[in-house]
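Heads up: the structure comes next, in structure tokens.
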Amino acid sequence: MIAYNLFIFILCAIPVFLSIISLIKVGIKPFSLFNIVFFIIFVVPILLDMSNGIPQYSLFPIFYEVSSNSGTNILYSFFLIFGSWYFWIFRGKETIDLGRTALGKNFDIFLIIITILPNLYFLLFFENKQKYYDYGGAAVRNFNELEAFQHSIMSSLTILSVIICGYLISKYFKKSIVMIVFLLAITFLDFWLNGKRAIVIFFIASYSLFIFLKYKNLKSILSILCLCFCFGIYTNWYQSNVREFDATVSFNEKYENLRVDYFRDQRVKMAIYAEIYPERVKILAYRGQSFLMLMTFYIPRDIWPEKPLTYAQYFTSAMYNMEPTAFGWGMTTTFFDESIANLSWFGLIFPFIFFSLFINEAKKTGSKFFIIYSTILILIMMTVQVLAFIILFLLWFFWFIKLKFLKKSM
């Protein structure tokens, strides 16, 4: 099994290595970036399994079951190989390059107003503000259904805010210390309101992308590495203070937690396993159920009581072998496993085709910032549930319509 896993790992590492070389020599291409992220969250776990063994997943036994199943692992290997080489083969020629693009101070003011929206939304619409006195996600704050919905909007707004802050900090780097301090204050407020570590990763990713596009030198790389080091310190603090992992917690428990938090292989494997053994694990009641939720999320449940739950709720319920239940929290899922659950075996390749269409439509607009925004949205889809950030996708849609309209009118 080790020889097989090593073979799969090398086969996936080749296009990723080529993508990194392309990134350094040619520039950032969206698909090259996707390939690197795909490799980290889906392929690296193979290496970890070879070195440390499959985690026991004591809190989530189904993850150990699906990760130990040979049929699931074979299909998962196909998913990895297909995805890694698809991203390399269809990477295209265009690179993300802001060049001399300058939008002016008025646009910057508009962006700054957007960064303030999460705080305004919190002050105006949240009744139980005391729940935010504690730092952490939905499970820590114990939201009811209405509060969970409001927090999902908050999550989208804070993610959008930190992405913008990442851009503005890279722009005003070495130019205005006052602006940098202000933006960092907004960023830390976003971190607190959101409560999840993922938002810190999105900020680092946004800043890293824009600072590299701007300078493309060793100093920009060093600043990115410095941020990654700071994130390591932060996540250690998070484990000790939010998760309450003290000195009595074993290495295996910390390792299991690390694998669940920062990698997504278990989710895809569980979706594949559910296709092979539907009598053992059933995520959705029918095909397209959670996609239907994506298209009808705006309909109040009072009007449509049978409206589907979010995919994360179905996944979490199946993970615990329960009937579909609206938890106050949900296991973090991705567009990859959601596609498999909705589309069966076609779902193994559908996300890659969708990403191609998504980016190609963005490129047709000719807007560099829209292409970058589209790239960030796909990175979000690769790592978390779409519905959790539906506002960002609605923004994409209206921005896309506006660009199309402007292009036709010219």
Side-chain angles (χ1 to χ4, degrees), residues 1-51 66-67 69-96 205 209 262-273 275-276 333-363 371 374-384:
M1 192 65 181
I2 293 179
Y4 172 79
N5 285 337
L6 183 60
F7 172 72
I8 298 299
F9 181 83
I10 293 173
L11 204 56
C12 295
I14 293 171
V16 173
F17 176 76
L18 294 173
S19 295
I20 294 173
I21 297 299
S22 173
L23 185 148
I24 295 172
K25 291 187 175 182
V26 180
I28 296 177
K29 297 178 180 180
F31 271 37
S32 295
L33 202 59
F34 302 156
N35 210 350
I36 295 170
V37 173
F38 183 80
F39 182 82
I40 293 171
I41 61 177
F42 291 112
V43 181
V44 168
I46 292 181
L47 189 64
L48 295 175
D49 286 345
M50 286 190 291
S51 60
V66 303
S67 299
N69 183 265
S70 57
T72 299
N73 283 318
I74 290 172
L75 287 167
Y76 183 72
S77 299
F78 165 79
F79 165 76
L80 296 181
I81 295 168
F82 181 87
S84 298
W85 284 98
Y86 184 95
F87 284 139
W88 170 250
I89 293 170
F90 296 99
R91 65 194 183 281
K93 296 180 180 180
E94 302 90 349
T95 59
I96 301 175
L209 176 62
Y262 295 108
F263 302 95
R264 300 291 183 261
D265 54 308
Q266 319 91 348
R267 285 71 155 179
V268 172
K269 287 180 179 179
M270 182 168 148
I272 292 172
Y273 187 83
E275 294 301 312
I276 302 175
T333 58
T334 74
F335 187 62
F336 293 107
D337 51 285
E338 185 170 3
S339 294
I340 295 170
N342 281 279
L343 303 174
S344 189
W345 301 123
F346 178 63
L348 283 169
I349 64 173
F350 171 75
F352 306 102
I353 299 171
F354 177 82
F355 293 160
S356 290
L357 297 173
F358 195 81
I359 284 295
N360 286 339
E361 288 301 314
K363 288 178 179 178
I371 295 171
S374 301
T375 300
I376 292 172
L377 286 189
I378 290 182
L379 292 175
I380 289 176
M381 295 176 73
M382 292 175 67
T383 53
V384 294

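Source: prediction; values computed, not measured. Residue numbers start at 1 and run along the sequence shown.
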On a heavy-atom basis, which atom in [X] and which in [Y] lie closest, and how many Å separate them?
| X | Y | result |
| --- | --- | --- |
| S339 | F350 | OG-CD2, 3.7 Å |
| F39 | A13 | CE1-CA, 3.7 Å |
| K363 | I371 | CA-CD1, 3.8 Å |
| I40 | P45 | O-CD, 3.8 Å |
| P30 | I359 | CB-CD1, 4.2 Å |
| K29 | K93 | CE-O, 3.7 Å |

Taking the ring centre of each residue, are [X] and [Y] less than 6.0 Å apart?
| X | Y | answer |
| --- | --- | --- |
| F79 | F336 | yes |
| F355 | F358 | no |
| F38 | F34 | no |

Within a 6.0 Å radius of atom [atom1] on [X], are there more than 12 heavy atoms belonging to other residues, nucleotides or ligands?
| X | atom1 | result |
| --- | --- | --- |
| I89 | CD1 | yes |
| F7 | CZ | no |
| F17 | CZ | no |

Worked check of side-chain hydrogen bond (donor to acceptor under 3.5 Å, both in side chains) between S67 and Y76: CA-CA 10 Å; S67 299; Y76 183 72; over 6 Å; no

Pair F42, C12 - check side chain to side chain contact (heavy atoms under 4.5 Å, CB included), show working. CA-CA 10 Å; F42 291 112; C12 295; over 6 Å; no

Taking atom [atom1] of [X] and atom [atom2] of [Y], what is their separation to the nearest 0.5 Å?
| X | Y | atom1 | atom2 | answer |
| --- | --- | --- | --- | --- |
| I276 | W345 | CD1 | CH2 | 4.5 Å |
| L6 | I2 | CG | CD1 | 9.0 Å |
| L33 | I378 | CG | CD1 | 10.5 Å |
| I10 | I46 | CD1 | CD1 | 11.0 Å |
| N69 | L75 | CG | CG | 9.5 Å |
| E338 | L343 | CD | CG | 9.5 Å |

Within the distance-only criterion (no hydrogens, no angle test), does the side chain of [X] pair as donor or acceptor with the backbone N or O of [Y] below 3.5 angstrom?
| X | Y | value |
| --- | --- | --- |
| S32 | I28 | no |
| R264 | T383 | yes |
| S84 | I81 | no |

Cut-off 3.5 Å, side chains only: do D337 and T334 have a donor facing an acceptor? yes

Side chain to side chain, [X] and [Y], heavy atoms closer than 4.5 Å:
| X | Y | result |
| --- | --- | --- |
| I14 | W85 | yes |
| M50 | L47 | yes |
| I340 | F346 | no |
| F82 | L348 | no |
| V16 | V43 | no |
| L48 | F263 | yes |
| V37 | F87 | no |

Would you check, one step at a time, whether the test side chain to side chain contact (heavy atoms under 4.5 Å, CB included) holds for D49 with F9? CA-CA 11 Å; D49 286 345; F9 181 83; over 6 Å; no

Going through the distances and angles, do F31 and S356 end up as a side chain to side chain contact (heavy atoms under 4.5 Å, CB included)? CA-CA 9 Å; F31 271 37; S356 290; 3.4 Å; yes

Kindly determine whether F335 and F354 satisfy ring pair (Phe, Tyr, Trp, His ring centres under 6.0 Å), including the steps that lead there. CA-CA 10 Å; F335 187 62; F354 177 82; 5.4 Å; yes

